[in-house]
Amino acid sequence: MIKSVRLKLTFWYIGSITSLLLLFGLIVYFSLKTILNGNLDKLLYNGGKILERSFSEYMLQHADDPHSLYTIEAGEKTFFIDNIDNEARENFFVDTVYIQLLTFPKAEKISYSIIARTSSLKNRLLPLSPYAYKSCMSHTSFFETLPHLFSFPVRMISLPVYDKDNHSYILQIALSMQHVNNTLEELFFVFCVSFPLVLIVVAGIGHVFMKQAFSPIRRMVAVTRNITSEDLSLRLDPVDSHDEIGELADTLNAMIDRLEQSFQQMTQFSGDVSHELKTPLAQLKCNAEIALRKPRTSGEYQQALRNTIEDTDQLQTIIDDLLFLTKIDSKSWSSSFITVALHEVFLDVFETMYGLVQQKRLAIKFETMDAVLIPGDRGLLRRMFINLISNAIQYTPSGGVIVLSLRKAGHQAVLTITDSGIGIPEAALPHIFDRLYRVDPSRSNDTGGSGLGLAIVDTIVARHNGKILVNSTPGHGTIFQVSFPCFQ
Ligand code: ATP
Ligand code: MG
């Protein structure tokens, strides 16, 4: 098994080039073979036609001689054959051509006599095959290859020729195929030598090319090995090319950025959590130590225990909120979404919190209350309303006003909570959704706030694909506006 992608690609590359070269070699070899054989046939055919004409002319010259053919056989055949030899050399452009002129047998298997033949044939006879005989019978020429007549293969044409009295004969012309075979053998040899050389060169080029193409990846691997949770400051070298490797480097760098940010947030968060838990714990310990310092009355002990319960409650709230945040961070909520009537949840929370509003002597009014249905989780949405309304109550002094509204604008449900409270300084606005952030920690300590309320709201809004906006003027009040995609 090859484990390196670079090697795999190199082998694929070499494999495909080899197949292409083989295919190319086969195409060239067989095309050339067809062309050379075709040319040989053309040569035989054209030469045959010339000889056929020359035979007819010869017969005409001897028109007055009733036994011209026998004359040829008896004495003048040398002349005719010499003529043929000369013309053959001129027409066939080869030194050796084998020609034979036969009487046309009356039937296929009946023997025929040879009227004339070139001296190049020596004591050999050009055979007359049944196919050639049938072709000549139907006045067409016939090509065949004779592999064993000589020590080399020959290609032969058999064609019918006619004398002045329309007696028919068969003219057979054969040419050696040796030069065709030699050419093909040489070509085969050239291929056998050049293919491995080409492959070696191509493999070398492929190897160098792949090495170069994969060098950014090797560098990435080396850098990535050194990136640990302790040191996320390293980044992959930016790759100049805008190809997939460049894109991969950019994506990985962006991922490391996000990881570094998350790690920083986690470190900061765990620091903040320990700090946040330290205060109520120290307070708990301090209360107990004070209570134990000297003998107390039962009323004093009761007060100390009440303080302990209060501090424990605060700890409990922080831990509950942190656990809740971890839960909404890790769970995929959208799968459990149902259709929620947002106005009903809003009114329900309002009723629950109305006691607090009265206690603090605040005026609360509804501006608009449209019926809105959204896909969501009722429990999460309820928690969001509680956190936003309790902030409005908490940070608005007595006598202040809180205005609630829920509007439907097309596909959006827009919820607004406006208070006439203390407001949020501009510098604090970008941080109010951070976990454990409080504008004024000392004041929030009085109210028992831990700075997790808006972080929870922000996460719930994000889980419902919503948006949250805040607008605040210190000393005048704050507006929180949340919008969710809703059903028509
Ligand atoms: P808790 O976790 O109990 O909600 P908290 O109210 O301090 O504590 P958040 O609700 O996250 O925390 O709010 C963060 C900070 O934003 C608060 O400390 C407060 O200073 C400021 N804040 C939030 N809502 C308002 C508001 N309506 N008016 C003025 N300040 C606000
Ligand atoms: Mg709050």
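Residue numbers count from 1 along this sequence. These values consider heavy atoms only, across backbone and side chains, with no hydrogens, waters or symmetry-generated copies. Order of listing sets the numbers, starting from 1, for every ligand and every atom in it.
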Query - Whether S472 side chain and G423 backbone form a donor-acceptor pair below 3.5 Å - result: no
Query raised in the report: Using a distance threshold of 2.8 Å, what protein N/O/S atoms lie below it relative to the Mg ion (ligand 2)?
Result: N391 OD1
Query raised in the report: Can you find an N/O atom of D321 closer than 3.5 Å to an N/O atom of ligand 1?
Result: no
Query - Atom indices of ligand 1, in the order listed, that fall short of 4.0 Å to a heavy atom of G453 - result: 1 (P), 2 (O), 4 (O), 9 (P), 10 (O), 11 (O)
Requested in this report: Could you tell me whether R235 and D257 make a salt bridge, using a distance below 4.0 angstrom between a side-chain N and a carboxylate O?
Outcome: yes
Query - Test item: side-chain donor near acceptor, R155 and T145, under 3.5 Å - result: yes
Report summary line: So the atoms of ligand 1 within less than 4.0 Å of a heavy atom of R438 turn out to be 7 (O), 18 (O)
Report task. Over 60° means perpendicular and under 30° means parallel, so classify the ring planes of F142 and Y131, tilted if in between. Result -> parallel
Report task. Say whether, by atom type as modelled, one donor and one acceptor occur between the side chain of K467 and the main chain of V482 under 3.5 angstrom. Result -> no
For residues 400-414, which side-chain donor-acceptor pairs fall under 3.5 Å, sequence neighbours excluded?
none

Query raised in the report: Would you find more than 12 non-hydrogen atoms of other residues, nucleotides or ligands less than 6.0 Å from K33 atom NZ?
Result: no
Query raised in the report: Is D321 salt-bridged to R383, cutoff N-O under 4.0 Å?
Result: yes
Query raised in the report: Going by the angle between their ring planes, with limits at 30° and 60°, are F366 and F346 parallel, tilted or perpendicular?
Result: perpendicular
Report task. Enumerate the atoms of ligand 1 whose separation from the nearest heavy atom of Y437 is less than 4.0 angstrom. Result -> 14 (C), 15 (C)
**Report entry** Atom OH of Y301: over 12 foreign heavy atoms under 6.0 Å
**Finding:** yes
Query raised in the report: So is there a nitrogen or oxygen of A455 less than 3.5 Å from a nitrogen or oxygen in ligand 1?
Result: no
Requested in this report: Tell me which part of V439 gets within contact of ligand 1: side chain, backbone, both or neither, using heavy atoms under 4.0 Å.
Outcome: both
Query raised in the report: Mind checking whether I432 has a heavy atom under 4.0 Å from ligand 1?
Result: yes
Query raised in the report: Less than 3.5 Å between some nitrogen or oxygen of S450 and one of ligand 1, yes or no?
Result: yes
Query raised in the report: Counting only heavy atoms not in E300, do more than 12 fall under 6.0 Å of its CD?
Result: yes
Requested in this report: Evaluate side chain to side chain contact (heavy atoms under 4.5 Å, CB included) for I173 paired with Y45, printing each intermediate quantity in order.
Outcome: CA-CA 9 Å; I173 309 161; Y45 184 79; over 6 Å; no
Query raised in the report: For I422, is at least one N or O under 3.5 Å away from an N or O on ligand 1?
Result: no
Query - Element-labelled atoms of ligand 1 that are located less than 4.0 Å from some non-hydrogen atom of T478 - result: 28 (N), 29 (C)
Query raised in the report: Hey, is G423 one of the residues with a heavy atom under 4.0 angstrom from ligand 1?
Result: yes
Query raised in the report: Does V457 approach ligand 1 within less than 4.0 angstrom via side chain, backbone, both or neither, non-hydrogen atoms only?
Result: neither
Query raised in the report: Does any N or O atom in F480 lie less than 3.5 angstrom from one in ligand 1, N or O only?
Result: no
